[in-house]
Amino acid sequence: MPAPRVRFAPSPTGFLHVGGARTALFNWLFARGTGGVFVLRIEDTDESRERPEYRSEIFNALRWLGMDWDEGPNKGGAFGPYTQRERMHLYTEAKEKLRAGGFVYPCFCSSRFDEAADFQDDEGDDRKQALRCSCHELTEAEVADRIKASGTEPALRFRVDRTVSHDVSDLVRGEVSFPPGEVEDFIITKAGGAPLYNFACVVDDAQMQITHVIRGEEHLGNVPKQVLMYEALGYEPPQFAHLPILLNNDRKKLSKRDGATAVGDYRRLGYLPQALVNFLALLGWSAGGDKEIMKIDEMLALFDLDRVQKSGAVFDTVKLTWMNGEYLKVAKIDTLVDGVLELIELEPDVAELRTDRWHVTAICELLRERAKTLAEIIKANKYLFSKAYTLVWDSEAVQKRAGTPEALDRLRELSTTLRDCEEWDKVPLETALRALSERTGIKAGDYIQPLRVAVTGASVSPGIFETIEVLGRDVTLGRVNSFLSAHSTGSAV
RNA sequence: GGCGCCAUAGUCUAUCGGUUAGGACGUCGCCCUUUCACGGCGAAGAGACGAGUUCGAUUCUCGUUGGCGCUACCA
């Protein structure tokens, strides 16, 4: 059996969203796991909906996730070009072939989508009622007249046998049957000659010798039409595998309107690509047994279309976030630092932050065990990055644990103790504080809490000794002094 | 509306006729503790419904119900 050839064929009409990424991943996993070839093809037949920036965004997202392609734009291959806009001659050729074979007929109806009558479905949603076209009844003379009248090449409609049922086979869903009359004659090229998705897709998949078409379930209804075209064109149809739809929390198909859905969104939110990939792999597929956290190599070894699920899968960001936390714990420290450095440049107050690599490394070491995302490392812990001595101290925290006269007194004592500490390291720092506590008979916690509020601005932080070690002597002492002067003079709380 | 697909806890899933129906996220409780997390331990929580096949159904078949998807000269 020849090596499988699969493709991911996004349309540059939007950012790469997680559903598309999941489709790409399954194709990639299948190709890499079977010694096959992974092709990237850009389906840009609909110029009106396209934005130029999406193209590179899609490439970037794919690369960020670690999915490399063997053939595609900027890469080449034996079956190029790999963007449909550059393949028009192939569609023209195929179109002529279908016309010569009598598989298509010209259609002069205007767009059914624009013209169709509205109606409301059960939910009260506005829908479009499909119209039936009768252009196939036109005589040759009538056709000639209409072409002359319109002055442009007419749209072409593929003739479908309405008397038989159209049965297709799917690797995930098994046999699927469409009753006679269900599959309608469909447009393959618009008026003017531009090819449409179903047609271009088949021409390309056939010419690129794609053996397995792995894509979302929303395409299942296209299969009979596409199979018919393969046959008309004289090609052997590929195998199909339709993946379960990705759902939002309302169990509806995940769409751009559901908040963060673009791969780039997750990058900006501080997720690691490995975590996203791992999570995506588990949406509609499982390795069997209890295996969840998997390295790419393991996924590659285990991935199998046979284990793909049939029912839709909810994209649960809570679980994704947990998984990202797991990856944060085991990632190389430099990976974390690079990620934080990349994101911190986006912060509006980046000028007031300490972004030297040494300092950021210390912060990442401190937070990797507790943070779930890189963004959390930055946003929830600004005080670790900030150069400032004067913070916006949380008033409730101050009131409860640092602003009382007693707390302020302890803070003063502690400040002296800390200042006298020769080695600014968590161990001697803790030893010094506990010695102070021992001496005064005041609980260590009663020193710790005011200190925490003074240097972090809040009553919550990582271990206080690690925290002030990372902050460093100057910032720690500076903030304590600043806090003291801001709250001492009777004005406090 | 028509057609198609689907159906194990709130969510992702294991199970390929016989299990106390397993795991993970989340939730709750306890422990750890300088706060918050992390971590450890534990708990609650599922086979939509109804027939049929079978000695035996979550698993096979049919029906019901429900959910979703498609229904464009979009992809």
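Heavy-atom basis, side chains included; hydrogens, waters and symmetry copies ignored. The chains referred to below are lettered A, B, ... by the order of the sequence lines, with proteins before strands, and numbering in each begins at 1. Since the model is a prediction, treat every value here as computed from it, not as a measurement.
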> Has the side chain of K319(A) got a donor or acceptor that lies under 3.5 Å from a partner of the other kind on the base of A24(B)?
Replying inline: yes
> Checking all strands, does Y447(A) fall into the base, sugar-phosphate, or nothing category for heavy-atom contacts under 4.0 angstrom?
Replying inline: nothing
>> Over 60° means perpendicular and under 30° means parallel, so tell me whether Y271(A) and Y266(A) are parallel, tilted or perpendicular.
In response: perpendicular
>> OP1 or OP2 of G66(B) versus the side-chain N and O atoms of R251(A): is any pair under 4.0 Å?
In response: no
> Per the atom types in the model, does the base of G2(B) pair as donor or acceptor with the side chain of E182(A) at under 3.5 Å?
Replying inline: no
>> Is the phosphate of A75(B) approached by T45(A) (side-chain N or O, under 4.0 Å from OP1 or OP2)?
In response: yes
>> Is K329(A) close enough to G39(B) that one of its side-chain N or O atoms is under 4.0 Å from OP1 or OP2 there?
In response: yes
> Quick one: is C74(B) close enough that its OP1 or OP2 comes under 4.0 Å of any side-chain N or O from K190(A)?
Replying inline: yes
> So, are E396(A) and R401(A) salt-bridged, with charged N and O less than 4.0 Å apart?
Replying inline: no
>> Please determine whether any donor N or O and acceptor N or O are separated by less than 3.5 Å between the side chain of R401(A) and the base of U35(B).
In response: no
> Given A14(B), is OP1 or OP2 found less than 4.0 Å from the side-chain N or O atoms of S286(A)?
Replying inline: yes
>> Tell me whether the side-chain N or O atoms of R49(A) pair up with the base of C74(B) as donor and acceptor below 3.5 Å, since no angle test is needed here.
In response: yes
> Using the ring of each side chain (for Trp, its six-membered ring), is H219(A) parallel, tilted or perpendicular to Y197(A), with breaks at 30° and 60°?
Replying inline: tilted
> Would you say A14(B) has OP1 or OP2 under 4.0 Å from some side-chain N or O of R307(A)?
Replying inline: yes
